[in-house]
Number of protein chains: 4
Amino acid sequence: MTVRGRIDKRAAILAAAAEVFTREGYGQAGVDVIAAEAGVAKPTVYNHFGDKETLFREAIAAEADRVLAEHLAVVDQLRDGDDLRAALENVAHHMLVCHCEERSVALRRLLNAELGRFPDLIDIVRGRAADRVTDALADRLARLALAGRLRRLDPTQAAEQFLALLTGPIEARSRLGTRRVADDELWAVARAAVDTFLRAFAA
Amino acid sequence: MTVRGRIDKRAAILAAAAEVFTREGYGQAGVDVIAAEAGVAKPTVYNHFGDKETLFREAIAAEADRVLAEHLAVVDQLRDGDDLRAALENVAHHMLVCHCEERSVALRRLLNAELGRFPDLIDIVRGRAADRVTDALADRLARLALAGRLRRLDPTQAAEQFLALLTGPIEARSRLGTRRVADDELWAVARAAVDTFLRAFAA
Amino acid sequence: MTVRGRIDKRAAILAAAAEVFTREGYGQAGVDVIAAEAGVAKPTVYNHFGDKETLFREAIAAEADRVLAEHLAVVDQLRDGDDLRAALENVAHHMLVCHCEERSVALRRLLNAELGRFPDLIDIVRGRAADRVTDALADRLARLALAGRLRRLDPTQAAEQFLALLTGPIEARSRLGTRRVADDELWAVARAAVDTFLRAFAA
Amino acid sequence: MTVRGRIDKRAAILAAAAEVFTREGYGQAGVDVIAAEAGVAKPTVYNHFGDKETLFREAIAAEADRVLAEHLAVVDQLRDGDDLRAALENVAHHMLVCHCEERSVALRRLLNAELGRFPDLIDIVRGRAADRVTDALADRLARLALAGRLRRLDPTQAAEQFLALLTGPIEARSRLGTRRVADDELWAVARAAVDTFLRAFAA
DNA sequence: CATGAATGAGCATTCATTCAT
DNA sequence: TATGAATGAATGCTCATTCAT
């Protein structure tokens with residue numbers, strides 16, 4: 001098999017693993033199912049990843065990378081401008097959209113689910129997702145404060161709270177991700193969050 | 001065996017089930033382990049609950065009842081008084097303590113984990129926990145607004161945000177419940193949440 | 001409970017046992033099912049019969065008694081008369097009807113099925129059914145021979161062959177009891193059997 | 001493992017299955033026992049046959065093939081010759097020997113036993129055994145009739161009766177296969193059957 | 001390296017049987 | 001005696017993992 005073929009197989013296995021693990025959970029996911037969905041034989045999975053646990057970790061890491069990239073791209077859009085509220089609302093809404101994406105929901109679910117068995121997943125994911133987003137957002141908020149658009153604040157804490165005001169209500173309303181939330185409800189949550197945030201943090 | 005004995009066994013099984021399911025997840029939990037931990041024979045579990053799935057649902061429901069009761073008791077402490085900030089901070093801190101309790105963390109984890117397989121868990125738990133707490137808190141906030149201590153607000157939205165300001169940051173800091181959070185950090189989060197909340201909602 | 005009640009329960013259990021054992025076979029039949037079908041609690045079955053095996057034997061014996069009675073009644077109808085062929089045909093047809101009755105088929109099936117596990121069933125049933133019928137028929141044939149209606153014959157052997165000529169073809173045509181055989185086919189088999197029998201044994 | 005090895009395992013499993021199923025019946029037979037007797041692991045059985053039921057059907061079919069082959073070979077020996085009675089007696093005796101063979105008895109027993117649960121067994125077995133033997137014998141009898149050695153007859157009916165005259169008495173005397181029948185008793189039954197048959201059907 | 005086949009260990013569930021009442 | 005409840009011992013079937021090719 002060509003090198004390219006080998007790489008393809010590895011990627012196919014990872015994709016299938018992400019799919020199956022998020023759909024069924026670690027325990028319930030069968031390696032045969034993953035292999036079948038990837039179009040390879042079961043031992044090929046073992047040749048590439050050694051055992052189910054390793055496959056699981058790598059699949060999680062890959063998913064976390066993807067989710068992180070999306071979120072960072074959103075935070076990156078937050079630029080100072082004439083209308084700070086509008087800018088924040090746009091970012092807030094966009095983050096909610098990402099947050100509610102199926103793969104995003106599934107990853108958070110899976111992570112939560114298996115943290116008991118694999119506590120180190122936190123380290124795999126933290127450096128790749130949650131904290132990095134908070135940090136990036138904190139950076140932006142710091143610059144906005146420096147620019148006099150926000151009052152003096154603890155950037156990390158403010159970023160934490162901004163994100164909390166977004167994701168907290170949406171978790172409730174999406175029934176922990178089991179229900180689709182309509183776009184106007186996303187906008188409503190985003191606006192409410194930004195309103196509260198600005199009341200508390202506007203310069 | 002006395003009727004009391006039967007009830008005891010049922011309760012013992014439910015307790016063991018909660019323990020084992022939260023420790024291992026639905027798929028990985030073994031009915032034999034639950035039976036052993038409850039001090040009964042495996043078929044006794046089946047006599048009482050019919051199958052693993054039913055046992056799971058009932059164990060979840062029982063845990064949700066317990067967690068709800070704790071949280072409602074905390075919200076119930078929120079009374080108007082001279083020092084609104086102090087009152088809110090006390091309630092906030094107390095809620096965080098509940099939120100970080102091992103059984104609370106475990107229940108949320110398990111719920112998240114198995115929502116894919118058992119979407120109806122949401123209905124079992126919602127009526128018993130999450131929404132009820134938000135509602136109770138919304139009631140209190142409405143009365144505070146009526147009493148002129150808070151500005152006019154949408155009580156449910158404000159309650160959602162108050163809770164989000166508490167639980168969002170704590171999820172991050174506890175690494176999704178994998179790390180104990182020291183009490184002074186709980187106080188810090190509580191104070192920061194109340195500070196932001198009052199900046200946004202004080203009359 | 002009255003003595004009568006006790007007897008009723010015993011009978012109800014036996015009836016239910018016959019029903020369930022013939023429907024499911026010994027191994028597959030559940031004592032709980034029998035108890036439920038009899039309207040008693042499982043331990044009541046054990047109080048009356050000790051264990052599943054004993055219950056099985058007694059149920060078989062009761063069924064065998066019933067089947068024997070039916071068959072003997074038929075053989076008993078065989079009287080000498082003007083038209084020997086017609087008399088034999090009537091008895092032959094009647095025996096086939098009995099042979100094809102559901103309970104008769106079920107009993108033979110069950111007996112065959114469990115002879116491996118319970119070889120002594122043969123003794124329970126033989127004295128009650130198969131041999132007794134052959135003997136009774138042999139008696140009649142002997143009298144017919146004495147009366148000069150049949151040639152000299154070995155009565156037992158002739159009876160065996162008469163029965164074989166009836167049941168053999170019918171087993172094949174009923175596909176071992178899985179297919180209902182129409183009445184005119186029963187008559188055809190009966191006539192063919194009697195024809196062959198008379199060709200071989202008429203005086 | 002070589003392809004040959006795979007085939008060997010499959011055959012070993014089938015052989016063990018036939019052995020165990022006939023010994024214990026479908027319900028009582030344990031797949032682990034079959035696997036052990038075949039010298040393979042339990043999942044190998046499932047890899048080859050999917051489930052217990054399929055294994056059962058295939059084992060039955062294989063046994064039926066074997067039994068059919070034996071019986072056909074016997075019928076095939078029936079050639080016209082100087083001494084028709086002797087020819088018929090030889091075939092009759094030979095058929096009885098086959099009929100009383102342990103595997104033959106066991107297959108009939110098992111078939112009867114499980115027809116309630118698996119009515120389609122009839123179709124599996126009929127085309128492979130019972131009817132084919134009757135047909136083959138009917139063919140021979142037709143030729144003997146054509147050759148003027150037997151009177152005009154309905155070949156199928158005559159074949160049915162010939163077989164019935166053999167197997168009916170032998171079932172009774174072997175106590176449904178629970179008792180070995182001595183060879184001279186087999187000869188006696190064979191001769192008696194042929195005698196009756198020739199009295200009824202000789203030209 | 002990829003695969004078809006094999007396996008040891010495990011798991012949900014059932015059942016005949018027995019206590020305690 | 002009749003019963004609700006409990007249990008030890010199976011049993012069919014699955015799964016992660018490993019060879020032999």
Side-chain angles (χ1 to χ4, degrees), chain A residues 1-3 5-6 9-10 13 26-35 39-53 55-56, chain B residues 1-3 5-7 9-10 13 26-35 39-53 55, chain C residues 1-3 5-6 9-10 13 26-35 39-53 55-56, chain D residues 1-3 5-7 9-10 13 26-35 39-53 55:
Chain A
M1 172 163 296
T2 72
V3 169
R6 178 162 165 73
K9 284 205 195 237
R10 186 183 173 89
I13 294 170
Y26 176 80
Q28 248 39 16
V31 175
D32 9 9
V33 176
I34 293 172
V40 302
K42 218 182 336 176
T44 304
V45 176
Y46 283 88
N47 284 339
H48 278 274
F49 296 96
D51 63 6
K52 192 186 180 186
E53 212 173 305
L55 173 59
F56 181 62
Chain B
M1 174 164 294
T2 70
V3 168
R6 173 149 226 264
I7 291 175
K9 287 210 192 234
R10 189 185 169 89
I13 294 169
Y26 176 80
Q28 250 36 20
V31 176
D32 16 8
V33 177
I34 293 172
V40 303
K42 216 186 328 180
T44 302
V45 175
Y46 283 89
N47 283 341
H48 278 274
F49 295 96
D51 63 6
K52 194 186 178 186
E53 208 173 307
L55 173 59
Chain C
M1 171 161 296
T2 70
V3 168
R6 180 163 165 69
K9 286 207 193 234
R10 188 183 171 88
I13 294 170
Y26 177 79
Q28 247 39 14
V31 175
D32 7 12
V33 176
I34 294 172
V40 303
K42 218 185 334 179
T44 303
V45 176
Y46 283 88
N47 284 339
H48 278 274
F49 296 95
D51 63 5
K52 193 186 178 185
E53 211 173 305
L55 172 58
F56 181 63
Chain D
M1 173 164 294
T2 69
V3 168
R6 172 147 228 266
I7 290 174
K9 287 208 194 238
R10 188 184 170 88
I13 294 170
Y26 177 80
Q28 249 37 18
V31 177
D32 12 9
V33 176
I34 293 172
V40 304
K42 214 186 333 179
T44 302
V45 175
Y46 284 90
N47 284 341
H48 279 273
F49 296 96
D51 62 6
K52 192 187 179 185
E53 209 174 307
L55 173 58

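Here is how names work: the chains are called A, B, and so on, in the same order as the sequence lines, proteins then strands, and each is numbered from 1.
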Residues which pass side chain to side chain contact (heavy atoms under 4.5 Å, CB included) with A:V40, listed by chain and number, not counting sequence neighbours: A:K9, A:I13, A:A35, A:A38, A:T44, A:V45
d([atom1], [X]; [atom2], [N]) in whole Å:
| X | N | atom1 | atom2 | answer |
| --- | --- | --- | --- | --- |
| B:N47 | E:dA16 | CG | P | 14 Å |
| A:F49 | E:dA2 | CZ | P | 11 Å |
| C:L55 | E:dC15 | CG | P | 16 Å |
| C:I34 | E:dC15 | CD1 | P | 12 Å |

Holding to ring-ring contact (aromatic ring centres under 6.0 Å, His included), I want the full list of residues that pass it with C:F49, two or more places apart in sequence or in another chain. none
Examine F:dA6: is either OP1 or OP2 under 4.0 Å from a nitrogen or oxygen in the side chain of B:H48? Give yes or no. yes
So, is D:K9 near the phosphate of E:dG4, with a side-chain N or O under 4.0 Å from OP1 or OP2? no
Qualifying residues under side chain to side chain donor-acceptor pair (under 3.5 Å), relative to C:D51, sequence neighbours excluded: C:T54
Of A:V40 and D:G39, the one whose closest nucleotide on DNA chain E sits nearer the 5' end is A:V40
With sugar-phosphate taken as primed atoms, P, OP1 and OP2 and all else as base, the protein-contact string of nucleotides 9-15 of chain F at under 4.0 Å (heavy atoms; B, S, -) is -B-BBBB
With the side chain defined as heavy atoms from C-beta on, B:T44 is closest, among F:dT7, E:dT7, F:dA2, to F:dT7
Using the test salt bridge (charged side-chain N to carboxylate O under 4.0 Å, His left out), find all partners of B:K52 that sit at least two apart in sequence or belong to another chain. none
What is the minimum heavy-atom distance between D:Q28 and C:Q28, and which atoms define it? OE1-OE1, 4.1 Å
Whenever both distances are under 3.5 Å in a Watson-Crick or G-U wobble pair, mark it; put DNA chain E into dot-bracket that way, with [ ] for crossing pairs and | when the partner is on another strand. .||||||||||||||||||||
